[in-house]
Each structure stands twice: as C-alpha cells, then as structure tokens.
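The structure appears right after this line, and notes come after that.
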There are 2 protein chains.
Amino acid sequence: MKYSKATDYALHTMLFLTAATPNQPIGVQKLAERLGVSATYLSKILTKLVKAGMIESASGARGGYRLKRNWENISFLDIIHTIEGKASLFDCSLDHGSECAIQQVVLLAEEKMEDHLRNQTLAELAKKVEVDV
Amino acid sequence: MKYSKATDYALHTMLFLTAATPNQPIGVQKLAERLGVSATYLSKILTKLVKAGMIESASGARGGYRLKRNWENISFLDIIHTIEGKASLFDCSLDHGSECAIQQVVLLAEEKMEDHLRNQTLAELAKKVEVDV
DNA sequence: CTATCAAAGACTTCACATGCCTATAATAGC
DNA sequence: GCTATTATAGGCATGTGAAGTCTTTGATAG
Ligand code: SF4
Ligand code: SF4
C-alpha cells in the first residue's frame with residue numbers, strides 16, 4: 001500500500017512547472033535531470049498529464065511542456081488520480097451492498113484523505129515553496 | 001494503490017471471531033470456507049494476527065483461534081497496520097526535511113484517514129453487524 | 001531540409017501478492 | 001503411549017503490475 005514513484009514524479013514535475021516561465025516550454029530532458037529519473041520513463045508520465053488536460057505539450061524544436069491556463073485550480077487529488085487511477089482503496093470481491101459496515105468504514109476513511117488532497121491546490125503549494133529551476 | 005486481499009481477509013476474520021463463542025476456538029478450516037479462500041493462505045494471515053497479539057491460537061485437537069481479552073479496543077487501523085505494515089503512503093527518495101510542502105500535504109492527508117480508522121473499534125463494528133457463524 | 005522534440009508501443013526486469021505443498025511441533029482424547 | 005487433529009514454518013510456483021529501456025513515428029522551428 002504505497003503511492004507509486006510515478007505519482008512522486010508527477011507531483012514534483014507539476015511543482016517545477018509552476019516556477020517556469022509560461023512562454024518557454026521545458027523539455028522532458030531537463031525535467032528528468034532535475035528529478036534524477038530517465039527521460040523516457042518520465043515522458044510516459046507527462047503524456048498522462050497532457051491527456052488529463054493539466055499541461056500542454058509542443059512538439060518540434062523549442063518544444064516541451066508547460067502548464068495550461070487554469071492550472072491554479074489543479075489539486076493534489078487531481079494529479080494523484082491521474083497517475084494512480086480513481087479506483088477505491090478497498091474492493092471486496094463480494095459486494096454485499098452499500099449497508100456493509102466494513103466497506104463504510106474504510107471508504108469513509110478514504111474520503112477523509114481525499115478531501116484533504118482535494119483542498120490543496122497547486123497554486124497554494126507554489127506559494128509555499130521557493131523553487132529555482 | 002490498493003489494500004491487499006490479505007487485509008480484506010483479516011478484517012473479515014476478526015469480524016467473524018467477534019461473533020464466535022469465546023470458549024470454543026475456531027479452526028482455520030472453517031474460517032477459510034466462510035471466506036472462500038484457501039486454508040493455507042489464511043493461516044499465514046492468522047499467524048500475523050497472533051503475533052500482533054490480537055488473537056490467540058491453540059494447537060492440537062479442538063484447537064483453533066479466538067479473540068484475546070481486550071479485543072474491544074482493537075481498531076481498524078491496528079488490523080490494517082498488522083497486515084500492510086506501518087510504512088507511509090509516500091516516501092520520496094530524497095528527504096529534504098520536515099518543512100517540505102509536498103510531504104506535509106500528503107502525510108497530513110494520510111493522518112486524516114488513519115484518524116478515522118483508529119476511531120473505529122472492532123466492538124463498534126460487531127454491534128452494527130449481525131453475523132451468523 | 002534538418003535538428004529537435006513529443007508520442008506510442010514493444011520489451012525486459014524486478015518486486016510482491018497470492019496461493020499451494022510439505023514437514024514439524026503441540027495437544028486432546030483414548 | 002498412540003493417534004487424530006491442529007497450528008507453525010518454510011519453501012516453491014505463479015501472476016500481476018511497477019519501473020525502466022529502446023526504437024519508431026510524427027510534428028515543428030529555423
Ligand atoms: S461484508 Fe462488506 S466488505 Fe465483506 S465482502 Fe460483504 S460487502 Fe464486502
Ligand atoms: S521536495 Fe519534498 S517530496 Fe520532493 S524529494 Fe524533497 S522532501 Fe521529498
């Protein structure tokens with residue numbers, strides 16, 4: 001039970017992008033060096049973020065990635081869901097209905113966590129942290 | 001990012017044991033049939049619970065498993081930690097100190113979830129559910 | 001046209017969860 | 001003491017998914 005490293009990379013990448021100038025996209029190469037991870041692997045993660053509409057990409061020379069407009073509203077939960085999927089922590093094989101007490105407890109606990117992650121926006125994070133790219 | 005089936009089995013087993021008569025231990029065979037899982041696999045999970053001090057075992061004829069005294073205070077979190085371990089959801093390779101904003105957000109969210117799981121005792125669960133063993 | 005860059009897919013490697021089988025030890029009942 | 005029953009321990013097999021590499025394709029600025 002642990003978040004994958006891909007989630008770790010995605011969160012850090014998004015944070016880096018908030019500190020970048022919006023007119024100048026950053027290539028996957030630079031981001032990968034910064035994170036200490038291979039460029040090809042990070043590329044897959046970035047593509048997921050692009051498809052989720054959080055960042056946009058530009059092919060060709062002087063291309064790269066940059067945040068989309070509206071990025072201020074992106075939450076931690078958005079990023080995590082994009083990478084980890086939206087499946088629940090707990091899926092019992094036999095679903096005995098919504099009145100099941102075990103499910104209720106675990107799912108409610110999960111919601112508490114998600115509430116917190118949903119209320120933390122990328123903009124707030126960027127304010128707290130001073131990043132030098 | 002999902003709880004293992006072992007956690008699922010452990011929670012269900014503990015619930016079953018609350019409905020059992022304390023003087024008559026239940027063998028792993030019966031429990032396994034009830035859960036639809038192999039007895040040898042469930043046995044490993046039960047041994048973990050024994051070592052964690054949540055249940056006690058009796059070898060030999062008419063042996064089996066039963067709850068220990070004090071079982072009313074066992075929480076969901078106790079059971080989950082016993083099976084899944086107590087590692088955090090999020091472990092970045094480079095630990096830049098406790099003031100790191102990313103860590104703070106995720107760890108705080110995790111604590112919210114754990115708080116809820118910690119406040120749900122096995123006794124409360126047993127009250128809610130009518131189990132026939 | 002060419003150098004640069006993202007996108008996509010196949011592939012390998014590794015870790016771990018799940019599950020099975022066997023041997024060993026302990027205990028109740030005879 | 002003997003036997004049946006039961007937990008404990010260990011190793012083995014299998015499957016699944018994460019992590020990472022490589023190669024090809026396609027787009028674009030200069
Ligand atoms: S009792 Fe609840 S958790 Fe267990 S299998 Fe049924 S629905 Fe799932
Ligand atoms: S910035 Fe925070 S989350 Fe990222 S590596 Fe450093 S300590 Fe870990």
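Proteins come first, then strands; the chains are lettered A, B, ... in the order of their sequence lines, and each starts at number 1. Any value given below was found using the heavy atoms of this structure, including those in side chains, with hydrogens, waters and symmetry copies removed. Fair warning: this is a prediction, and the values are worked out from it, not measured in the lab.
Listed pair B:Ser57 / D:dT6 fails the phosphate criterion, with no side-chain N or O lying under 4.0 Å from OP1 or OP2. The phosphate of C:dG19 (OP1 or OP2) has a side-chain N or O of B:Tyr9 nearer than 4.0 angstrom.
Every residue two or more places apart in sequence or in another chain that forms a salt bridge (Lys or Arg N to Asp or Glu O under 4.0 Å) with B:Arg118 is listed here: B:Asp115. Residues passing the side-chain hydrogen bond (donor to acceptor under 3.5 Å, both in side chains) test with A:Ser88, sequence neighbours excluded: A:Glu110. B:Thr7 meets the side-chain contact (heavy atoms from CB on, under 4.5 Å) test with B:Tyr3, B:Ser4, B:Leu11, B:Ile80, B:Ile83, B:Glu84; sequence neighbours excluded. Partners of A:Gln120 under the side-chain hydrogen bond (donor to acceptor under 3.5 Å, both in side chains) rule, at least two apart in sequence or in another chain, do not exist in this structure. Take B:Lys2 and apply the salt bridge (Lys or Arg N to Asp or Glu O under 4.0 Å) test, not counting sequence neighbours, and it matches A:Asp91. The side-chain contact (heavy atoms from CB on, under 4.5 Å) test applied to B:Ser57 returns B:Val50, B:Tyr65, not counting sequence neighbours. With sequence neighbours excluded, no residue forms a side-chain hydrogen bond (donor to acceptor under 3.5 Å, both in side chains) with B:Thr121. B:Lys48 meets the salt bridge (Lys or Arg N to Asp or Glu O under 4.0 Å) test with no other residue; sequence neighbours excluded. Annotation: side-chain contact (heavy atoms from CB on, under 4.5 Å) contacts of B:Lys68 (sequence neighbours excluded): B:Glu56.
When the nucleotides D:dG20, D:dT21, C:dA7 are ranked by their closest atom to the side chain of A:Lys5, D:dG20 comes out on top.
Taking atom CG of A:Leu31 as the reference point, atom P of C:dC5 lies 12 Å away to the nearest angstrom. Between the P atom of C:dC5 and the OH atom of A:Tyr65 lies a distance of 12 Å, rounded to the nearest Å. When the C1' atom of C:dA6 is taken as reference, atom CZ of A:Arg66 falls 14 Å away, rounded to whole Å. Atom pair A:Asp91:CG and C:dT18:C1' shows a separation of 14 Å (rounding to whole Å applied). Distance A:Met1 CE to D:dA18 P: 14 Å, rounded to the nearest Å.
Between the side chain of A:Thr13 and the main chain of A:Tyr9, a donor-acceptor pair closer than 3.5 Å is present.
As judged by a 4.0 angstrom heavy-atom cut-off over every strand, A:Tyr3 is placed among residues making no nucleic acid contact. In this structure, B:Lys2 reaches neither bases nor backbone, as no heavy-atom distance under 4.0 Å exists between it and the strands shown.
Non-hydrogen atoms lying under 4.0 Å from DNA chain C are contributed by A:Lys44, A:Thr47, all within residues 39-49 of chain A. Within residues 74-90 of chain B, no residue is approached by DNA chain D to less than 4.0 Å at the level of any non-hydrogen atom.
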For this session: Report, as a single string ordered 5' to 3', how protein heavy atoms within less than 4.0 Å touch nucleotides 25-30 of chain C: B base, S sugar-phosphate only, - not at all.
Result: -BBSS-
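Hydrophobic clustering (side-chain heavy atoms under 4.5 Å, transitive across Ile, Leu, Val, Met, Phe, Trp, Tyr) groups A:Leu107 together with A:Met113.
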